[in-house]
Each structure stands twice: as structure tokens, then as C-alpha cells.
There are 2 protein chains.
Amino acid sequence: MARKIGSHSDITGPKVRAAALRLFARHGFASVTMRQIASEVGVQAGALYLYTPDKQTLLFDLLREHMQEVLDGLAAEDFSGNPVERLETFTRFHIRFHLERRDAVFISYMELRNLTDENFAVLEDMRRTYEDALESILKDGQASGHFDVEDTKLTTLALISMLNGVTTWYKPDGRLSLERVEAIYSDMAGKAVRMARWKRKQMLGAAGQAKA
Amino acid sequence: MARKIGSHSDITGPKVRAAALRLFARHGFASVTMRQIASEVGVQAGALYLYTPDKQTLLFDLLREHMQEVLDGLAAEDFSGNPVERLETFTRFHIRFHLERRDAVFISYMELRNLTDENFAVLEDMRRTYEDALESILKDGQASGHFDVEDTKLTTLALISMLNGVTTWYKPDGRLSLERVEAIYSDMAGKAVRMARWKRKQMLGAAGQAKA
DNA sequence: GCTTGAAATGAACGTGTGTTCATATAGCGT
DNA sequence: ACGCTATATGAACACACGTTCATTTCAAGC
């Protein structure tokens, strides 16, 4: 038997990637065998090599594809407004987008060490681009007096860690709706970096006195 | 050859665990072979089975030992004081303790899925105990009006995620000292949950009016 | 309807895996 | 001084891995 009805490259290819993504996320790249992936797709192991040169490249392609989607998704957001609004846009986007792609996110933070140095560098670059988007919001907010942040780089990483944590426990049918989770996280992120009112007044006051 | 000078169970046993911990953290449980561990210890693979019944148990023992140390360490901290102070104690302890044991922490959050259900349940229980310690601080702070938290459970997880993030980037010889990192994270955690001054005043005001 | 080639098979490959075990030896208790 | 046993060896086991490839089969183009 070969070439079953309705099974073309266009159909099997995505199926392979989907199965690999699911299995890598559940059991870890190293623990998943090509035969497992093939079985999930409904095909023999050999056939996978029509769609990927090897296992490592399969992982890399999944991760690169994911990071590209993240970057594209971020670029599609509306980042007008002041830093406070932009931070909310970012955090809400991050939560929403990452919850929709939990498997890919999980792998992205877990399996980087299973990549060759070359492939790792590519993804590292993309991740840095994403982080820089957040850091620039923090920097702007620091300059405008909206935020009170000691170290923008560290804060960026801390915020992203916090936001990523959501993927480890969120269940779509759980106690909290997506909207509510978005709101709570966004609120926490905002409070963690925002300048306190009294402190801002104090600064403005000092500036006023200096002028006078 | 066997029984080399100075190589007893008391020496080789810890060496095995140390090597396994290091390698699991670097390359992932599934990717590390018993022969690699043995080689690191300076012993043949077969000898490892004098110290562990199998590879899975070796991982489990490492993780259980780690979690026990975390719980013991937490219990040794001084948690007197108001919720704000207790939260700072907790965050500083967490950062410090986890940075000293980065390998174990990494594995704890990465390799849980490589455990049997039974072993997983044991660790899950210990982790929950740890999380509960933080949540009870948040609850107390909520009750006392120190904190402004929508959902203590979610906030607990968000804070721990944020704090754990430090292990992924911190380098002991890096730009920031441990003390400074502790301070920044502790500060961010505090701000993320603390009740704003104006809001507290407003509440007190409302309470005063209600009384009057 | 026949030809053609893309899509899939399934067996085979070499290698490496976790684990076992008969065997050897070094150091402690006596 | 010597035997006993804890500690280690190293070869072997059965199995599973990623990957290759000659072969087969089916859908589409003419």
C-alpha cells in the first residue's frame, strides 16, 4: 500500500508538524521517537523523511516558525499611545497569543539546548527582538516618568518570565476566563513597573521648586 | 581493578548524584546516558547501579532531595513581621536559594514529565506546600489591607514564575550582584501586589465616613 | 486508459541504550 | 596475617533508535 486516498504532501506535511509539536511538548524532544510521530500521523517512520531532512531540523523548523508568528503577531498590534497603554497592549497580546500556542511556547523554552549552535543562534536572535520590543516600552516609560524601573533589561526578563508562567497552569475550561487572566496579569505587570502617584508628585514638586 | 584508594560508597554516591544533576541540567534527562554519568564520576556504567536502582529513580531522588532542601530552607527563615516584610523575606529567600541551586531548579521545572505518575505526585505535593507558603502571605496581606490582589492563587503562580526566571539569565560574575538582583526582584514583587497609597487612603476614608 | 512520478512502504543498517552479572580486588575487622 | 564483603569491572544482553533505500502503489496529466 502507498498513496492512500486524500493523503498528499499538502496534507501530510502539516500533520507531521502538528504531531511533532504536540509530542515534543508533552514528552520532550529527546524522548519522542520518529516512529511515535509517524504513528500519530498514520504513516511509517520512513515517510517522515519526505518532509524533514532529520529530527533536529524538524524541531528547529517548528521553533523558527513559531517565533516568526510571534513576531508577526506583535507587529500587527497597535502600539500607539503612552507607555502605560503600550505595556498593557504588550502584556495582553503576550498572554493571549501564548495561551493559544502553549505547545510551541513550552518547546521554545525547553528544547533550545537540543539545537545545534547555529540553529540556536537564529532563535536567540528572534527572541531578543521580541524582548527588545518590551524593553523599549519600559525605557520610554522610564523617560516619560510613567515607570519607575531600576534596570530595564532585568525588568524585561522578569516580566516575560512572569507572563510565560501562565502557560504552565492555565486550563481553557478552568476557573478563570482568558479575558480575566489577561486583565490580572496585565494589571500586575503595570503595577510592578509603574511610578507611584506620591512619588511622581514628589518629583514634580522637586522639579517645580528647582525651577522657582 | 576495583575499590580504588579513597573511593567508598560515601564518596562515590554523592559524586554520582552531583554528576547526574549537572548533566541532567545541561543536556536534559532523556539525553544523558548512564555511561556519561559514569564517565564523569570516573567509574564504569555498571557501578552506578550500586547507588540507584535505575535511571528514573536517580532523577526522582535528586528532585525530592532538592525540594526537601527548599522546604527546610524556607522553614528556617524568620517570618515574623507584617505581610509586606514577610513577602520580602520570601522573595529574597527564593532568589538567593534558587540561584545557589540553579541546576536543581532547572531540572525541577523541566523534567517532571519524565517521572512516573507516582513520583510526580510526590514532588507536586512538595511544590504545592511551597506555593502555599507564599499564598498565605498574600492572603494575610489581602486581609490586612497591605495588598491589593485579585486572585491569590494566580498571583502566587505569577510571582513564582517571575522569580524563577532569574535562573535562566543570572551569571554570578555578571553585571549585577546577588544582593542587587534580590533587591530589584523583591521590589518588583512588592509593587506588583501592594495596595496603592491613594487607594488605601480612599478605603480608610470610606470606612471613616461609614462610621460617622 | 496508459504512463509517470510523487508518496508511502517495510525491511534493513549500524549504533547506542539501560541494565545485568559473573568476576576481580582492595581495605576493614578480627 | 587473613578472610570477608563492599566496591568495582567489563563484557554481554535485548531492545530501540534515527536514518536509508529498493520497492510498491495510487492519483493525476495527457
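What you see is a predicted model; the values in this text were computed from it and never measured.
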[X] has an atom [atom1]; how far is it from atom [atom2] of [N], in whole Å?
| X | N | atom1 | atom2 | result |
| --- | --- | --- | --- | --- |
| B:D54 | C:dT17 | CG | P | 17 Å |
| B:L48 | C:dC21 | CG | P | 17 Å |
| B:L50 | C:dT20 | CG | C1' | 12 Å |
| A:K55 | D:dG18 | NZ | P | 5 Å |
| A:D10 | C:dA8 | CG | P | 10 Å |
| A:L23 | D:dC17 | CG | P | 13 Å |
| A:K15 | C:dA7 | NZ | C1' | 13 Å |
| A:I37 | D:dC17 | CD1 | P | 11 Å |

*Classify the angle between the aromatic ring planes of B:H66 and B:H98 as parallel (below 30°), tilted (30 to 60°) or perpendicular (above 60°).*
perpendicular
*asked:* Students often mix this up, so state it plainly: with edges at 30° and 60°, are the rings of B:F93 and B:F97 parallel, tilted or perpendicular?
replied: tilted
With the side chain of [X] defined as its heavy atoms from C-beta on, choose the nearest nucleotide among [options].
| X | options | value |
| --- | --- | --- |
| A:Y51 | C:dA8, D:dT19, D:dA8 | C:dA8 |
| A:T33 | C:dA8, D:dG18, D:dT19 | D:dG18 |
| B:Q44 | D:dG18, D:dG10, C:dG18 | D:dG10 |
| A:M34 | D:dT7, D:dT19, D:dT9 | D:dT19 |

*Using a 4.5 Å cut-off on heavy atoms from C-beta on, say whether the side chain of A:T12 contacts that of A:L50.*
no
*Classify the nucleic acid contact of B:V41 as base, sugar-phosphate or nothing, counting any heavy atom under 4.0 Å across all strands shown.*
nothing
*Under 4.0 Å between a side-chain N or O of B:T12 and OP1 or OP2 of D:dT7?*
no
*Under 4.0 Å between a side-chain N or O of A:Y49 and OP1 or OP2 of D:dC21?*
no
*Hey, does the Lys NZ or Arg CZ of A:K55 hover above the aromatic six-ring of A:F24, less than 6.0 Å from the centre and inside 45° of the axis?*
no
*Which atom names give the shortest non-hydrogen contact between B:N164 and B:T167, and what distance separates them?*
O-OG1, 2.7 Å
*Could a donor-acceptor pair under 3.5 angstrom be found where the side chain of B:R35 meets the base of C:dG18?*
yes
